[in-house]
Amino acid sequence: MSAAHLVPLGGGWGLWRSFCVRAAGFPVDLLEPLADPELAALADAVAAGADDGAYRARFREAERALARALHSAATDPRIREAVAWQNPGALDTGFGTLLRRDPETVSRTGRHRKTEALVTSYLHRYAAKNDTIGFFGPLRWARIDPEQPEPVRAVHDGTAGNRTLYLEGWALAELGRALAPPLRPWLVPRLLPLLGVDGNTLRVPLADPVPLDPVQADVLRALRPGRTARQVVATVRADAGHDPDRVWAALDRLYADRRIEWTLEAAPDDLHPAATLRSVVAAVDDPAVRAPALAALDRLTSAAATVTAARGDAGAVRDALVGLGATFTDLTGAAPVREAGQLYAGRTLVFEECRQPDSIRLGQAALDTLAAPLSLLLDSARWYTAAGAALYRRALRAVFDQLANRRPGAPVPLAELWLAARGVLIDDPGPVVRPLTRALHHRWERLLAVAEPNRRVWRAAADLRTAATAAFPAGPPGWTAAAQHSPDLMIAAPDLAAIAAGDVDWVLGELHPGYHTMRYASWVECHPDPTGLARAMAADLPGGVVRIGATGSQGGSATRFSPRLLAPDDRRLVFAPDTCGHDPGHDLVVGGCDVVDRAGRLLVQRRADGACHDLLEVLADLVAANLMPHFRVLSAAPHRPRVTIDRLVVSRESWTFPAGTVDFAGDPDESRRFLRLRAWAGRHGLPRHVFVRCTGERKPVHVDLASLASVEVLCRAVRRAERTAGAAAQVTVTEMLPAPEQLWFTGSDGRRHSSELRFVAAPTAAARPASGA
C-alpha cells in the first residue's frame, strides 16, 4: 500500500484504497427450494376472499416439498461441514434427526418443525448473511483503483482460497493456568493492573490502602516486564538482603491474595499463542518440569492438527473437534466452550479464517455515484462523535467530582474512576447514548423531511448540502481516532453489465462512526501487505492514540476480534488481568495512574513520570464501542420508508411491531398460521425477503415470507422475545436490499452471493482538523 493510501471522495473525505469484501459462503439460491411462492399466492388469494380449497390442497404438497428440500440440503457435504465447524452437536441433534426421518411420511409435529427451523436457520445464515467465518463466510481483500475504466471489476485467478486454523487465546490461557504451578520460577509475575504500589502500601480501588510487609513491598517493586520469578528473587536478595525462602513465600502470598498474576500466558491479540507458550516453556532449564509442559502443549496442538486434517469431511471434523475438546478438558479440567448458548462470542476452542483470492476492484465511476451522499453521512458521523464525546465528558466529570469530593485536594486514582464509571462505560451506556441518538435522528429526519405514507423517499445530495452543513457543522472529531469511520456498503444490481450501464444503487448496511472495522488481528494477517495497512493507520493518526489492551470489559475476548495496526506512538490502556506483554514505561496501566483536573480539563496522569493524556482519549475505544451500534439515520417507528440520496440508500424500509400484535406466532395450526402471516404481510406491504430482529437478539435473521420453514423460524423468535421481554418485546422487520435478484456478486460457479464492501473513511490531509481533545 502506497503512502497515498486515501482515494479522494469529495467533501474533504477519502476512502482507504484497501477494503474488505464480506460475502456469504453459499449462494442465495440455496434457499429457493425451501420456499413455495405458489402457496403464498394462494394464501394471499384466500385473504382476498377466495375459497381455501386450492390452498389446502397445495399446502399438503408444500409440506412434502419442504421436507424433501430440507432433507436434500442436510445431506450436502459442504453445508454439513460448515455446521460441524460451527456447532458439531447440531449435526446429530438437528441434521441427524432430520435425516433419520423419511421426508415422504414424516409427521410435521411441533417437535419436527423445531428441527426444521434449526436446519433452516443455518441455511439462512450461510446463504443470506455477510459473515466472515471460515470457508462458509470467506474474507476477501479488495482495492480501489481510480485508473480502472470499469466501475466494478471482479477478479478471479483460478486458485483456491487458503484456510487457516487458529487456537483461541482464551483456551491457551486456560491451559497456561493449568500448567503454571511447577513452571512458576520461570514465569513472569506482574502486578494486577487495577492495583498500585505506594511505598509500603498497596493501592486498592475504592478501598483503604493495604499495608505490605517489607518483603512483599520489595517484591512488588522488583517486578519488571520479562523478569522471571527466579530473577525477582535474586534481585530482592541482592537489593534488600531478604532470605530467598521468604521472598518465594511473599510471591506465593501475593498470588493467593490476587495481588499479582503469575501464569503461563500470551497477549490477547496473539494469533499463535501455542507457539508463544512453547517458547516460554522451552527456556525452562529443568527437564523434569519442562518435559511434561511441552508434552501437554504437544497434545493440544496435535489434537488441533487433526481438526485441520479433517477438512472436507463433516463427520471427521465433528469427531476431531470432539477429540480436541476431550483433550482440552483432560489437560485443564475446563469445559471446551465458554458462554454456552451465545452467538458471536468466540466460545469454541478454535476458529478458522479463509482468504479467497477472488476479489473486487472499484473504479472512479463507482465512487462518483457514491461520493456526495456518503460525504453527507460522514459529516454527520463526525458530528456524532463530537457530540457523543461532549456527553461522555459530562458524565465522566460527574463521576470524577463525586470521587474528588471524598478526597479534597488529592488526585483521583484512575482505577477508582474506572470502577465507578463502569455503568456508563460498560454496563449501561444508555443514559449517555440515548440523548445523542435522539438528536441525530431529529436532525436527519428534519433534513430529509420524511413523511408518511410514503414508502420511497428520494433526495438529491446537492439540495441537502446547505441544510446538512447547518445540521452537522464541521469541526474536530470527538477524539483523535474518531477521524476514521467505517461504512459497510452493498451494491444492488443484477450483474456487472448493469453496473457498467449505470443501473445500480448503493445500499448502506451500517456506518461505524469513530471506529476502524478492518483492524482485527486475523483479518490483518490475511492481508497481502499488513505493514501497508499499518502505515495507512499511522498516516491517519500521526500523533498516536490510546487503545484498550483487550476488547472485552474484563479481557478474555475472542482472539480474532483483538485489534492490530498499532503504531509505535500508540499506547495501550491496560486494565484486564489477562493483558500481558505491555511496557509500563510506555503504556497506561490503570493502577499506576491518577485523574487530575487541569483548568477544567480531566487528564490521566502517570504517577511514574507525570505524563498526561486527556481522559476521553484514554477511554476512547470504550466510548466508540458504545456509540457505534446506535448510528442510524431514522428513529424506530411503526413504519419507515426507504430513503435514497442520489444513488445511495441510506435507510431501508422497515416496520416495528409490538411482539404481542404478531399474534399468529402462537397459532399451533401451521396451515392457519401461514394464512394469517400472509394476511399480516399483505396488510403492511411487506416484501417476500426481509430481515427480522426481535428484542433480545443481537443480530437480525433472514426470513422468507413464502417459506413454511422460514416462517417457523420467525414465529419461534417472536415467542422467545415475548417470554424474555414480556409486553416490551418488539419485532423489527427490514426489507432485504439488495434483494436476491439484485445480488450481482457471483462465485466461481456463476451463482449469486450476498456480499458487502467494508470501507474505512478518513479526512484527506487538507481537511484534517485538530483533535477535539
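Just one of Lys114, Arg113, His112 meets the side chain to side chain donor-acceptor pair (under 3.5 Å) condition when paired with Glu116; it is His112.
Across every non-hydrogen atom of Glu81 and Arg311, the tightest pair is OE2-CA, 3.6 Å. Looking at every heavy atom in both residues, Ala636 comes nearest to Thr656 through CB-OG1, 4.3 Å. The minimum heavy-atom distance between Ala127 and Leu30, with the atom names listed, is CB-CD2, 4.1 Å. The heavy-atom pair separating Pro687 from Leu705 by the smallest distance is O-CD1, 3.4 Å. Scanning all heavy atoms of the two residues, the minimum distance from Phe19 to Ile360 falls at CZ-O, 4.2 Å. Among all heavy-atom pairs drawn from Cys20 and Leu139, the shortest one is SG-CD1, 3.6 Å.
Using bins of under 30°, 30° to 60° and over 60° for the plane-to-plane angle, the ring pair His272/Tyr166 lands in the tilted bin.
When only modelled atom types and interatomic distance are considered, Glu353 and Ser522 share a side-chain donor-acceptor pair under 3.5 Å. A donor-acceptor contact closer than 3.5 angstrom links the side chains of Thr97 and Arg100. Between the side chains of Tyr126 and Asp131, not a single donor N or O lies within less than 3.5 Å of an accepting N or O. A donor and an acceptor atom, one from each side chain of Tyr520 and Glu525, are nowhere located under 3.5 Å apart.
Counting only distance, with no hydrogens or angles, the side chain of His753 and the backbone of Ala24 share a donor-acceptor pair below 3.5 Å. Arg64 contributes a side-chain N or O that, together with a main-chain N or O of Pro103, makes up a donor-acceptor pair within less than 3.5 Å. Remark: side-chain polar atoms of Asn130 are paired, donor with acceptor, to backbone N or O of Ser755 under 3.5 angstrom.
A salt bridge is defined here as a Lys NZ or Arg NE, NH1 or NH2 lying under 4.0 Å from an Asp or Glu carboxylate O, and Glu32 with Arg688 meets this definition.
Geometrically, Arg78 engages Phe26 in a cation-pi contact defined by less than 6.0 Å to the ring centre and at most 45° from the axis.
Residues Arg716 and Cys694 are not in side-chain contact: their nearest non-hydrogen atoms beyond the backbone lie 4.5 Å or more apart.
Less than 6.0 angstrom separates the ring centroid of His689 from the ring centroid of His702.
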